[in-house]
Protein chains: 2
Amino acid sequence: MEKEFEKPSVTVDIVIFTVFEKELKVLLVKRNIEPFKGMWAIPGGFVRMNESLEDAAKRELSEETGVKDVYLEQLYTFGDIKRDPRGRVITVSYYALVKPEGIKLSASTDVSEAKWFSISKIPKLAFDHKKILEYALKRLKWKFEYSLTAFSLLPEKFTLGQIQNIYEIVFEKKFDKRNFAKKLKSLNILKTETIEKNVSFRPPQTYSLKKDIKEVIEIL
Amino acid sequence: MEKEFEKPSVTVDIVIFTVFEKELKVLLVKRNIEPFKGMWAIPGGFVRMNESLEDAAKRELSEETGVKDVYLEQLYTFGDIKRDPRGRVITVSYYALVKPEGIKLSASTDVSEAKWFSISKIPKLAFDHKKILEYALKRLKWKFEYSLTAFSLLPEKFTLGQIQNIYEIVFEKKFDKRNFAKKLKSLNILKTETIEKNVSFRPPQTYSLKKDIKEVIEIL
DNA sequence: CCAAAAGTGTTAGTGATACACCCATGT
DNA sequence: ACATGGGTGTATCACTAACACTTTTGG
C-alpha cells in the first residue's frame, strides 16, 4: 500500500453456546484488565495478521474451551465508533455450538475466569456485548427453525427425546412428541442405530444423522 | 491501547442491486489503479476512523449513485489473508437495493467508470468479488422469500403487476397472477390508492404499503 | 373490434396441529 | 406393582398450487 492511513483494530468475539442442566448456556469471561475490568464479557481477541477471521475465531474457541468439534458461524460485524473506549475497534462476531461433553474451561491472560451462564441469568456485560449476545440468540433460534444445526449440540448417536429437549430448551416451549417425531422422520435424515440399554426405564431407539446430512451441517 | 500491533486494513464493499429492463442489475466499477487495474469490481473503499461501518457503506453508495433512499444490509465479512495482494485487507460487505429512478452514476478517483451489469452477464471480477456477489445474490433471494424487502425496489405507489415482476425477475420464474395477488392481499399490508390512467390498456389498481409496514422494511 | 394487461374463485393436495393410550425397563 | 420416559395414529385445519375466462382501456 502506498500510503499508510490510520487503521482500526479488528477483533473477533465468539458467543459460545451449549446446553446442559436443561438450560441454554453461554460462556462468559471475567475481564482481568481495563476497560471494564472485573466485568463479564463475551470471549474474543485481536485478529492476527497471519490468520483468517475464521481461524482467529477457532483459535479463541479452542483457547477458551479446549474443544475443536464445533459448529461455528459468522454473525455480524459491529463497527460503531465508540463501542470500545480504548479507540476504534471493529469486532467480527461469531457464534459457536459446542457439545457439553469434554469441555475444559481455561482462563487466559486477559481473563481471570471463564464460566457458563444460563441464558436467563446473564449479568451486565462489557462493551456492546449485550447487543451481540441478543443478536446471536436471535440467529440461533432462526437457524434452528430452518436447519439441522441443532444436532451439533448432540453426540454422534442420540435419541428423539434428546433432540426434542434441545428444541424445547432453545425455544422455551414444549412440542408434541408425536408430531416432533413424525416431522423428523419425514425429513429422511435419520439412520437408526442399535439400541443400547444403559440407564433405566425403557431404552430409547438411538439414531445418527445420515452421512451426507452431516456434511450439510458442517457447511451450513 | 498499550501496545501497537500491526493492524489489518478494513474496507466496505457494497453490492448495489436494482431492477430495470426486466433484469436484475448490479453496479460494477472499472478499477483505475493496481491491483486488478482495468478489471471490474464491486464498489467499495476504506473505512474512515470517524465513521461507523454503515456510515462508510452509505457514503460509498451515495458517492457511486447519488441515491440516498435505499435499503442497506450488512452481508458478511471476508477476511482471508490473501484476498488482497497489497496486504491484509478485511472487507465488510453490504448489499443495497436502489430504485431505478433518479440514479446518477459517477466515477470516483480509484475508478474510471461505473456501469450496471445484468446479473446474467457478469464479467470476471477483481479480488474475491465473485464470491461476494454470489453471497449477496443468495441473501437477496432468501430475503425476498420471507420479507417485504422487495418493495424497496419500487416507488411509493405501485401495482401488483410491478411487484410480481420484481419477484419473477429475481427468482427467474413465473408466478401465478391470482395466487400472487391473493397472498399479498392476505398479508394485510397494502393500502389501495386512487387509480391513475396514465399509459394505456386497462389502468391497474395502485397500492402503497401501510405506514407501519414501511417502518418494518426500514429496520429489516 | 382488436390488442394488451388487469382482475377474479374454486378445487385438490400437502403439511401443521391437536390429542391419549399402551410399552419396555429398573427398582 | 409402580414409576419413568418411549413409542405410536387419526382427524381437522390452514396454506399452497393449479387452472381459464371476463373486463377495461386505447388505438
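In the text below, chain A, chain B and the rest are named by the order of the sequence lines, each starting its count at 1. Heavy-atom basis, side chains included; hydrogens, waters and symmetry copies ignored. Because the structure is a prediction, the values reported are computed rather than measured.
- To the nearest angstrom, P of D:dT16 lies 12 Å from CD of B:E145.
- Checked for salt-bridge contact, B:E63 and B:R59 meet the test: a charged N lies under 4.0 Å from a carboxylate O.
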Indicate for each nucleotide in nucleotides 22-27 of chain D, in 5' to 3' sequence, whether protein heavy atoms under 4.0 Å reach the base (B), only the sugar-phosphate (S), or nothing (-). -BBBS-
Would you sort out whether A:F151 and A:Y71 count as a ring pair (Phe, Tyr, Trp, His ring centres under 6.0 Å), showing the intermediate values? CA-CA 10 Å; A:F151 288 89; A:Y71 176 80; over 10 Å; no
Yes or no on ring pair (Phe, Tyr, Trp, His ring centres under 6.0 Å) for B:W116 and B:F17, after CA distance, side-chain angles and deciding distance? CA-CA 9 Å; B:W116 292 107; B:F17 289 110; 9.2 Å; no
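- Listed nucleotides D:dG7, C:dC19, C:dG9 differ in distance to A:N179; the shortest reach to its side chain belongs to C:dC19.
- Rounded to an integer number of Å, the gap from A:F175 CZ to C:dC19 P is 16 Å.
- If you measure from atom CD1 of A:I195 to atom P of C:dA24, you get 11 Å, rounded to the nearest angstrom.
- Salt-bridge annotation for A:K58 and A:E54: present, with a side-chain N of the basic residue lying under 4.0 Å from a carboxylate O of the acidic one.
- Residue side chain B:K182 reaches the base of C:dT10 through a donor-acceptor N/O pair under 3.5 Å, judged by distance alone.
- A:K174 has its NZ atom 17 Å from the P atom of C:dT17, to the nearest Å.
- Across the protein-nucleic acid pair, A:N165 atom CG and D:dG6 atom P stand 8 Å apart, rounded to whole Å.
- Put simply, CD on B:Q162 is 13 Å from P on C:dA5, counting in whole angstrom units.
- The side chain of B:K177 approaches C:dA6 more closely than any other nucleotide in the set D:dG9, C:dA6, D:dA18.
- Contact annotation for A:K183: backbone-only contact, meaning every heavy-atom pair under 4.0 Å involves sugar-phosphate atoms and none involves a base.
- Computed from coordinates, the B:D176 CG to C:dT8 P distance equals 14 Å when rounded to whole Å.
- For the residue pair B:T91/B:T11, the side-chain donor-acceptor check at 3.5 Å is satisfied.
- Rounded to an integer number of Å, the gap from CD of A:E196 to P of C:dT25 is 14 Å.
- Taking the charged nitrogens against the carboxylate oxygens, B:E193 and B:K191 do have a contact shorter than 4.0 Å, which makes a salt bridge.
- Under a 4.0 Å N-O distance rule, the pair A:E168/A:K173 does not qualify as a salt bridge.
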